Amino acid sequence: MSIKVTWYGHACVGLEVGEHRLLVDPFLTGNPLAAASPDRFEPTAILVSHGHGDHVGDALEIAKRTGALIISNFEICNWFQAQGHDNVHPQHIGGGFHYPFGYLKLTIAHHGSSLPDGSYGGNPCGFLLTAEGKKIYLACDTGLFYDMKLIGEEGLDLAMLPIGDNFTMGPDDALRAVKLLQPKQVVPYHYDTFDVIQQDPHAWAERVRAETDAEPVVLKPGESVILE
Ligand code: NI
Ligand code: MN
């Protein structure tokens, strides 16, 4: 079976694994690049990497409408329960869990995580999904870290890396990340949404092609990569 990975703009990613539909960091309302409105999504699970508004986004509204399971760190799961959504599964950095859709591990991310109302959001994370014999790494919001080498040792089919700079890795460090992670394919994200994170993804893709063995894939919001 294949996995369909769709970029909806900024850091919002859809992962279709069989009948399971995962939605990651659903920042759609107020996102100038959003490829779809929140009411179009019927996820079975929503993954939230950290508490910032451009990641929590429409998660609560979508979760309440659909009953989707929210997967995040312990503190953010508590926050969703306090907002009236009980269907959560808390994990934490370095821990994985076997869900019906696959094995999901939370990885470190160097960033912040306060929630929109100022609540404590624990530590930010990335996601490493093993499903259908494939491994997908979503770095989410982070600076470069050398432990990406350890994540890469797992053998990545696809990595999604922020290239926006200012709040996360920029193009230079994202290129170094590709060298540490050594994924088969790499998709840049978390750029162009705001003035301070404008980037040229095609110029970055050329550097990836020239300096690494990874295949860069530049998506437009709404476009997908299919892993099979
Ligand atoms: Ni953030
Ligand atoms: Mn962000």
Side-chain angles (χ1 to χ4, degrees), residues 1 3-31 34-109 111-132 134-142 160 189 224:
M1 225 184 310
I3 301 180
K4 186 177 181 184
V5 182
T6 305
W7 184 47
Y8 291 104
H10 202 56
C12 181
V13 176
L15 299 162
E16 290 172 50
V17 187
E19 77 271 29
H20 306 284
R21 299 174 304 279
L22 316 187
L23 186 60
V24 186
D25 288 352
F27 169 51
L28 301 158
T29 302
N31 173 358
S37 70
D39 45 324
R40 130 184 218 297
F41 291 93
E42 297 286 340
T44 49
I46 300 172
L47 281 54
V48 179
S49 68
H50 65 288
H52 292 163
D54 61 318
H55 295 260
V56 172
D58 301 290
L60 183 63
E61 178 202 321
I62 297 170
K64 282 188 167 172
R65 175 173 53 78
T66 61
L69 174 69
I70 288 185
I71 300 168
S72 189
N73 70 27
F74 177 77
E75 292 83 359
I76 291 174
C77 284
N78 280 349
W79 183 82
F80 276 105
Q81 287 189 311
Q83 314 305 308
H85 185 73
D86 278 331
N87 191 19
V88 300
H89 185 119
Q91 292 185 225
H92 240 303
I93 311 295
F97 185 77
H98 289 281
Y99 293 95
F101 56 80
Y103 183 72
L104 182 71
K105 187 156 78 173
L106 268 53
T107 60
I108 61 169
H111 196 65
S113 186
S114 56
L115 285 148
D117 63 4
S119 300
Y120 175 61
N123 286 309
C125 71
F127 296 108
L128 181 59
L129 173 67
T130 307
E132 304 293 337
K134 304 288 181 195
K135 275 196 196 276
I136 300 173
Y137 170 55
L138 306 179
C140 304
D141 281 15
T142 186
M160 292 190 70
Y189 73 164
S224 305

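Note that this is a predicted model, so its numbers are computed, not measured.
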Report all side-chain donor-acceptor pairs from residues 67-80 shorter than 3.5 Å, counting only partners two or more places apart or in another chain.
unit_1, atom_1, unit_2, atom_2, d
Ser72, OG, Val48, O, 2.7
Asn73, OD1, Glu75, N, 3.1
Asn73, OD1, Ile76, N, 2.7
Asn73, ND2, Gly121, O, 2.8
Asn73, ND2, Asn123, O, 2.9
Glu75, OE1, His92, NE2, 2.8
Trp79, NE1, Asp117, OD1, 3.4
Trp79, NE1, Asp117, OD2, 3.0

Would you list the atom pairs, donor with acceptor, under 3.5 Å between side chains in residues 15-24 and any protein atom, with sequence neighbours excluded?
unit_1, atom_1, unit_2, atom_2, d
Arg21, NE, Glu42, O, 2.7
Arg21, NH1, Glu19, O, 3.4
Arg21, NH2, Glu42, O, 2.7

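Between His52 and Ser113, the shortest heavy-atom contact is NE2-N, 3.6 Å. Of all heavy-atom pairs spanning Tyr189 and Ala139, the tightest one is OH-N, 3.8 Å. A pairwise comparison of heavy atoms in Ala36 and Arg40 identifies CB-CD, 3.2 Å as the closest pair. Heavy atoms only, all atoms of each residue included: Gly51 and Pro116 are closest at O-CD, 3.2 Å. Taking each heavy atom of Cys125 and Leu106 in turn, the nearest pair found is SG-CG, 3.7 Å. Among all heavy-atom pairs drawn from His50 and Gly112, the shortest one is CD2-O, 3.4 Å.
We find the OH-CG distance between Tyr103 and Leu129 to be 11.5 Å, quoted to the nearest 0.5 Å. Atom CG of Leu115 sits about 11.0 Å away from atom OH of Tyr120, to the nearest 0.5 Å. Distance check: Asp25 CG to Leu47 CG gives 8.0 Å after rounding to the nearest 0.5 Å.
No side-chain heavy atom of Leu104 sits under 4.5 Å from any side-chain heavy atom of Phe97. Contact of the Ile62 side chain with the Leu28 side chain is registered, since non-hydrogen atoms from C-beta on lie closer than 4.5 Å. Taking 4.5 Å as the limit, some side-chain heavy atom of Pro43 sits within range of a side-chain heavy atom of Thr66. Side-chain contact between Pro38 and Glu61: present, with at least one pair of heavy atoms (C-beta onward) separated by less than 4.5 Å. Looking only at side-chain heavy atoms (C-beta outward), Asn31 and Asp54 stay at 4.5 Å or farther from each other.
The aromatic rings of Phe101 and Tyr99 sit parallel to each other, their planes meeting at less than 30°, with 60° as the upper class boundary. By the 30° and 60° cut-offs, the orientation of the rings of His55 relative to His10 is tilted.
Between the side chain of Tyr8 and the main chain of Ser37, no donor-acceptor pair closer than 3.5 Å is present. Judged purely by atom type and a 3.5 angstrom limit, Lys64 uses its side chain to pair as donor or acceptor with the backbone of Gln83.
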Apply the test side chain to side chain contact (heavy atoms under 4.5 Å, CB included) to residues Lys105 and Gln91: give CA-CA distance (whole Å), side-chain angles for both, the deciding distance (0.1 Å), then the verdict. CA-CA 8 Å; Lys105 187 156 78 173; Gln91 292 185 225; 5.7 Å; no
